[in-house]
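Single-structure report; data block below.
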Amino acid sequence: MSGPILAIETSCDDSCAAVVADDGTVLSNVIASQGIHDRYGGVVPEIAARQHLHLLTPTIDTALEQAGLRLAQIERVAVTQGPGLIGALLIGVGQAKAIAAACSVPLVAVDHLQGHIAANFVEPDPFEPPFICLVASGGHTFLARVEDHASYETLGATLDDAAGEAFDKGARMLGLPFPGGPALEALAREGDETAFDFPTARNVKGFDFSFAGVKTSLLYMIADLGEDETERRRADLAASFQRAIVDALLTRLERALDASGLDRVAIGGGVAANGPLREKVEALGAVSHIPDRLLCTDNAAMIGVAARFLPDCSPDQALALDAYPSGSSR
Amino acid sequence: MTTGATVLAFDTATEATIVGLSVDGVLICERADRPSADERPRHAERLLMLCEEALEQAGVGWSDLSRIGVGVGPGTFTGLRIGVATARGLAQGLGVELVPVSTLEVLALQVRSISPEVRSAAVSDARRGEAFIAVWGADGSPEVAPAACRPGDLVEALFADGRPTLAAGAGALIFRAELEAGGIEVPADSSELHQVGGAALCQLAASGDPIGQEGLLPDYVREPDAEIALQSRSENQ
Ligand SMILES: [Zn+2]
C-alpha cells in the first residue's frame with residue numbers, strides 16, 4: 001500500500017472529492033450537492049454534467065485543504081468509472097486522469113457499486129468480509145455476497161425500479177419535494193405504518209426485487225381516497241408506503257442470510273440512510289454493520305477506500321480510461 | 001508573440017480529437033484522431049494518449065509545459081466537457097497557464113492564413129438542422145459572435161454587402177447549397193480548411209489571454225433542453 005489517495009466521484013448529481021489515508025482513514029470527504037435539479041423534478045443529465053464541470057475543481061481543492069495536503073503529496077488518484085450518467089462520469093474521469101498524468105501517479109478505476117459496499121471498510125470501524133450486503137439507492141438495488149475486499153457476487157437485483165426511485169416517485173405523488181426519500185421519511189414519522197397495505201412483489205421469488213407495483217398501488221390508493229382524504233391521511237400513506245419498501249428489502253435480505261449460512265450483514269447506498277431500514281437491519285439478529293449516513297449517500301470517500309484494495313491501471317490504461325454508463329458492466 | 005513558451009493545445013469540439021504542441025510559436029507536432037462517418041467520437045479514450053504521444057515526439061515532459069490551450073467550442077457538449085475537464089486537471093497538477101480557444105476561430109484563422117483578403121465564416125455542425133456560426137473580418141476582427149442558427153436564414157442578412165467570404169468547417173459542407181446560393185465560397189469537401197488543425201490551435205493558444213481554472217468553461221451557445229422547456233412553460237403560464 002502507498003500514501004494518500006485522492007478520490008473523485010461524479011456518477012450522478014453530487015460532485016464529490018475525498019482524501020483517504022494509507023491506512024483507510026478518511027482525511028476529508030467533500031460533497032457539493034448541485035441542488036439545481038429540484039426545479040426540474042428530477043436529475044437532468046445535461047445539467048448535472050454542466051454543474052459537475054463548475055463544481056469539481058473547487059471540490060477537489062477543498063478536499064485537499066481539509067486533509068491538510070497539497071496535490072503533490074497525493075500518491076494515487078481514484079475515480080468512479082461507472083455505472084452512472086455517462087456525461088457526469090466523464091467529468092470525473094477526465095479530470096482524474098489528467099491529474100494523475102500531470103502528477104505522475106497511478107490511477108485506480110473504481111466501480112460505483114463496489115464503492116457503496118466499500119463504505120463498510122472505512123476506518124476506524126471496518127467490517128470484515130464475508131458478509132451479505134444490501135445496496136439500495138435511487139439508481140440501483142441489489143444484494144451482494146462479499147467474500148473479499150475487492151469483489152462481490154450479485155445474488156439478486158431489482159427487476160424494475162430501484163428502491164430509492166420508488167421513494168422519490170411516492171414522495172412526488174404525496175406532493176413532497178425532490179429528492180423524496182428524506183422528506184417522505186420525515187412525514188412518515190407522524191403516520192401509522194399499518195394504516196394501508198401496499199403489496200411489494202410478494203410473488204417475486206428468490207433474491208430479486210420489484211418496486212414498480214408498490215408505486216402503482218399508491219397511485220390507485222390516492223385516486224380512491226380522493227383529494228381531501230389523501231391530504232388528511234398523507235402521513236399514514238407515507239408511513240405505510242415506506243414500510244412496504246423497507247419490508248421488501250428486509251425480506252430478501254433475510255432470505256439471503258438464511259441461504260448463505262452467513263450471519264454478517266451490511267448495507268449501503270442512499271436508501272441505507274433511511275432510519276426505519278437501519279433500525280430493522282440492526283434488529284435482524286445477525287452481526288450488522290451500518291455505515292454513517294454520509295457514507296451511504298454518494299460520496300468519494302467510499303471510492304477512495306474501495307481503491308485501497310484494487311490494482312492500479314497500467315500507464316496506458318490510465319490514459320485511455322473511458323467511463324461506462326448505467327446498464328453496462330466492466 | 002510568446003517566446004520560450006511550450007504550448008500544448010487540444011480540441012474536442014468536433015468528432016475529432018486534435019492535439020498540437022508548439023515551442024516558441026513553432027508547431028513541433030500534431031496528433032489527431034478522426035473517426036470515420038460511421039464511428040463514434042473517441043475523445044475520452046484518445047485525448048490524453050495523443051497528448052502523451054505529442055510530448056514524446058517533441059521530446060518534452062509534462063513539467064516542461066508552460067501553457068495549455070483548450071478548444072471551448074461551440075461543439076458537441078460531451079466532447080467540450082472532456083476537453084475542459086482534462087485541461088483543468090492538467091492545470092491543477094502542473095500549475096501551468098490555461099487559455100480558452102474558440103474552436104470556430106481556429107477554423108477562421110486557417111481560412112485567413114490561406115486567403116488573407118477574404119472574410120471568414122466558421123461553420124460547424126450543430127445538429128437539429130442548425131450550424132454554429134461565427135464570422136471574422138479579413139483583418140481578423142470578430143464580426144458575428146458564435147450562435148446556433150440555420151445558415152439559410154443568416155446568409156442574406158449577413159453577407160448582403162457582397163464582400164468576398166469563405167466558409168469552412170463541417171457545417172459548411174452540410175449547408176453548402178445555402179451558403180453558395182448566398183454567394184459565399186465553400187472549399188472542396190476534401191479541403192483541410194474544414195477540419196480543426198493543430199497549428200492554428202496552438203497559434204491562438206499561444207497568443208490568447210490565460211484565465212483561472214474555474215473560469216474555464218465550454219462555450220455551449222445553447223441552453224440545455226430541460227432549461228428551454230422550463231422557461232417556455234413559465235412563459236406560457
Ligand atoms: Zn450511488
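Remember, predicted model here, so these are calculated numbers, not experimental data. Just so it is clear, the values below take in all heavy atoms, side chains as well, and ignore hydrogens, waters and symmetry mates.
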From CA spacing to verdict: side chain to side chain contact (heavy atoms under 4.5 Å, CB included), B/Phe132, B/Cys149:
CA-CA 7 Å; B/Phe132 292 120; B/Cys149 58; over 6 Å; no
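- Between B/Leu8 and B/Cys51 there is a side-chain heavy-atom pair separated by less than 4.5 Å.
- Taking 4.5 Å as the heavy-atom cut-off, the residues of residues 84-94 of chain B that approach chain A are B/Val84, B/Ala85, B/Thr86, B/Arg88, B/Gly89, B/Leu90, B/Gln92, B/Gly93, B/Leu94, ordered by number.
- If you tally non-hydrogen atom pairs under 4.5 Å between each of B/Glu214, B/Glu223, B/His43, B/Gln213 and chain A, the highest count goes to B/Glu214.
- Among A/Leu53, A/Leu71, A/Leu321, A/Val44, the residue making the largest number of heavy-atom pairs under 4.5 Å with chain B is A/Leu53.
- When all heavy atoms of A/Asn299 and A/Ala301 are compared, the pair lying nearest together is OD1-N, 3.1 Å.
- Within 6.0 Å of CG on A/Asp23 lie more than 12 heavy atoms contributed by other residues, nucleotides or ligands.
- Of the two parts of A/His52, neither the backbone nor the side chain holds a non-hydrogen atom closer than 4.5 Å to a non-hydrogen atom of chain B.
- No part of B/Arg46 comes within reach of chain A, as not one of its non-hydrogen atoms sits under 4.5 angstrom from that chain.
- Heavy-atom neighbours of A/Glu227 CD from other residues, nucleotides or ligands within 6.0 Å: at or below the threshold of 12.
- For the pair A/Arg50 and B/Phe77, the distance from NZ or CZ to the six-membered ring centre is under 6.0 Å and the angle to the ring normal is within 45 degrees.
- No other option in A/Val93, A/Asp316, A/Leu55 has as many heavy-atom pairs under 4.5 Å with chain B as A/Asp316.
- Within 6.0 Å of CD in B/Gln57 there are more than 12 heavy atoms belonging to other residues, nucleotides or ligands.
- With a 4.5 angstrom heavy-atom cutoff, B/Glu227 touches chain A via backbone and side-chain atoms both.
- Going from atom NZ of A/Lys97 over to atom CD1 of B/Ile82 covers 8.0 Å, rounded to the nearest 0.5 Å.
- When each of B/Met49, B/Glu45, B/Arg81 is checked for heavy-atom pairs under 4.5 Å with chain A, B/Arg81 comes out on top.
- Judged purely by distance below 3.5 Å, without hydrogens or angles, the side chains of A/His112 and A/Asp298 pair a donor atom with an acceptor atom.
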